[in-house]
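Naming: A, B, ... by sequence-line order, numbering from 1 per chain. No experiment lies behind these values; they were computed from the predicted model shown.
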Amino acid sequence: MKKALAALAALMIVSPLMAKDPEVGKAAPDFKLTDLMGKTRNLSEFKGKYVVLEWVNHGCPFVMKHYSSGNMQALQKESVGKGAVWLSIASSAKGKEGYMDEEEWKKALVQHGSAPTAVLLDAKGKVGKLYGAKTTPHMFVVDPAGVLIYKGAIDDRPTYETADVAGAKNYVRQALDESLAGKPVSEPSTQSYGCSVKY
Amino acid sequence: VTRRSLFPAFLLLLAGTLAAEKVSERPHVEAHLVADVLSVAPGAAFRAGVRLIHEAGWHTYYKEPGDSGMATRVDWDLPKGFSAGPIEWPPFRKHVEPPLTTNVYEGAVTLASAVTVPDAPSGPVVLRAKVTWLECAEICLPGKADLSLTLPVEKTARPHPDAAALFASTPPPEGPAAPAGSLWLSVALAFLGGMLLNLMPCVLPVLSLKVLSLIKGAGGSPAAARRHGLLYSAGVLASFWALAGLLLALRAAGHGLGWGFQLQSPVFVGMLAALFLVLALNLFGLFEIGASLTRFGGGSAGAFGSGVLAVVAATPCTAPFMGAALGYAVSRPAPEAFAVFTSLGLGMAWPYAALTASPRLMALVPKPGPWMLWLKKVLGVLLLGTALWLGWVLARQTGLARSAEGGLAWEPFSEERVVELRKAGRPVFVDFTADWCLTCKVNEGTALRDPAVLARFKELNVAPLKADWTNNDPAVTRALAAQGRSSVPLYVFHPADPSAAPRVLPTLLTRGILLEALQNADKE
């Protein structure tokens with residue numbers, strides 16, 4: 001009893017610091033956002049498929065690195081080709097860097113040649129905070145059972161240099177490929193890098 | 001030497017005088033290459049660095065940027081035979097934009113490295129550095145500069161007259177050392193800490209002596225006892241003020257110091273050991289300095305002096321609550337620092353002052369008797385033990401003795417090592433300690449040697465690092481300041497998860513506290 005109380009007290013002190021970010025190995029929290037067509041999308045509607053979540057802000061040099069090199073678009077096409085769903089989430093608040101309305105987003109998709117399944121608008125930052133998204137890019141991978149299997153950086157080169165794309169180890173690809181092969185994800189949690197999400 | 005050959009040399013000199021050669025200008029952050037010398041001499045290492053000057057509201061990042069951002073990167077391109085050491089990262093500031101916290105630089109800051117010079121350098125020496133950084137305000141922009149600095153080769157290196165300013169951070173980073181808490185909280189903690197200081201093994205023998213002398217003089221008038229108590233308190237307070245004054249003066253002179261700093265001097269430790277030895281021998285009755293010790297108990301100067309002695313004896317001990325209060329005090333302006341030190345003194349002095357001021361409390365003190373002889377012997381043993389221990393500290397400080405380590409396989413602390421180990425996914429436990437810190441030694445001898453704790457360390461593959469402050473080590477002082485502290489002991493636990501924040505453990509460690517902290521490490 002005493003031990004349980006002590007543990008509870010410790011948890012009460014520690015848990016606000018942890019801000020209850022979703023944990024790898026547990027169910028990814030469901031959410032509801034509208035896409036560029038004004039259609040409401042849920043995470044749960046994609047159950048049975050892998051889902052990649054990408055936090056994006058086209059004003060951020062780290063995001064530019066992966067789009068100007070074509071790295072992100074290639075990964076989107078590759079992942080969708082493997083049967084995954086790719087959701088790009090924009091959590092920039094209205095008036096802040098990276099915020100775009102539906103029309104601006106449609107132009108940006110054409111301009112960059114992006115190939116996500118959908119772009120979801122999160123100007124209130126609700127889903128970003130729910131997932132503890134800290135940077136752009138910040139990547140999450142959910143498996144067909146709805147379990148979070150990866151969260152963190154896109155790769156192991158925390159720079160904005162386009163030259164660093166070649167030769168980097170892409171954690172998202174690694175997580176998807178390992179999980180598709182029926183293996184546990186070898187690096188399920190890494191420290192994300194990039195600009196801060198402009199909440 | 002012809003005039004013609006002198007002219008380029010003159011130009012070089014001029015360039016050297018400017019030393020901070022401006023090469024790149026960015027909209028929000030300027031980068032300059034600086035050196036602490038105007039000329040380079042064969043084999044004489046010097047410091048060079050990239051000085052970043054930030055526009056107001058903009059910042060760049062520390063090597064561990066935190067939740068977002070990117071560490072500034074310096075790639076040196078040096079002439080053959082030259083080499084640059086790792087960047088000596090200056091203290092950073094915590095930038096909080098909920099829910100994100102980052103470690104940043106603002107104002108002007110220099111990312112310096114030691115540069116080694118070969119025995120036969122050919123001049124002039126051209127230092128080049130490619131610098132990449134991320135500059136952020138509300139938004140972030142990439143920054144890049146190719147810098148160079150040319151220095152002539154001379155027989156002896158000429159120091160740069162403004163080197164100190166070129167390598168200083170402006171405004172000085174008030175923290176991560178901006179310690180949590182307010183003045184009032186720190187004053188309250190200091191008072192509590194001062195009170196507890198009386199119970200620490202360093203002060204207890206001295207205080208017991210005081211009480212003994214009080215019993216002896218119990219026949220005296222209450223007024224005399226009260227006067228005695230007040231004089232003792234005055235001695236305690238004056239000593240704390242002297243300490244605070246010294247600390248502030250040394251801080252103004254640019255020294256990073258903290259509680260117990262005087263014990264970093266072997267001379268002081270030697271004197272203290274001798275003092276304790278004399279006191280112990282005196283208690284054993286080996287020799288009577290007769291008048292002098294009795295005077296310690298009796299006269300006005302003696303009462304005041306024993307207050308001073310109590311504070312001097314207290315320095316090897318850190319009581320609970322003191323760490324946070326002192327950390328706050330040394331990072332604040334003088335009036336606030338003095339307030340905290342005063343509170344510490346009042347906290348330490350008041351129990352004795354209250355005892356002497358109240359006849360009713362005095363009546364509770366036992367009557368003199370043969371038991372006093374025994375108590376004197378016990379206290380003598382305690383003081384002798386303290387003297388021996390200080391002798392051992394002295395031997396270690398002067399390199400005559402090495403400590404017999406046991407238990408955990410300690411590694412020496414460095415910021416780089418912490419980063420390396422955490423990158424490798426290992427939790428890290430840092431023990432900030434000093435041989436002269438009795439509280440540290442007690443923790444290390446008990447909780448940190450407990451079999452259950454050792455087993456847990458092993459099970460979780462925790463890397464134990466020891467930050468030794470026995471002698472003044474600026475790197476350790478900086479690391480303490482990063483936690484808002486200026487005293488040892490300090491225990492910091494970094495969980496394995498690289499994104500989790502480090503946790504500071506209490507001053508007095510127990511097995512339970514350690515196991516609890518490690519337990520929580522498991523969760524994330």
Shortest non-hydrogen pair, A:T135 vs B:D67, comes out as CG2-O, 2.9 Å
Who passes side chain to side chain donor-acceptor pair (under 3.5 Å) against A:T40, sequence neighbours left out? none
Chain A contact via B:T102 - which portion, at a heavy-atom distance below 4.5 Å: neither
Do you know which of B:G66, B:A71, B:G69 has the most heavy-atom pairs under 4.5 Å to chain A? B:G69
Non-hydrogen contacts under 4.5 angstrom with chain B: give the residues of residues 192-199 of chain A involved, or none if there are none. A:S192, A:G194, A:C195, A:S196, A:V197, A:K198, A:Y199
Counting heavy atoms not belonging to A:K126, are there more than 12 under 6.0 Å from its NZ? no
Check: A:Q191 side chain, B:S68 main-chain N or O, donor-acceptor pair, under 3.5 Å: no
Only counting residues at least two apart or in another chain, list the ones meeting side-chain contact (heavy atoms from CB on, under 4.5 Å) with B:A188. none
Residues of residues 154-166 of chain A under 4.5 Å from chain B (heavy atom pairs)? A:P158, A:T159, A:Y160, A:E161
Between atom CG of B:L141 and atom SG of A:C60, what is the distance when rounded to the nearest 0.5 Å? 10.0 Å
Between B:E138 and A:E97, does a side-chain contact (heavy atoms from CB on, under 4.5 Å) hold up when you go through it step by step? CA-CA 8 Å; B:E138 172 69 26; A:E97 183 192 69; 5.8 Å; no
So for B:C136, is it side chain, backbone, both, or neither that comes closer than 4.5 Å to the heavy atoms of chain A? neither
Within 6.0 angstrom of A:R41 CZ, more than 12 heavy atoms from elsewhere: yes
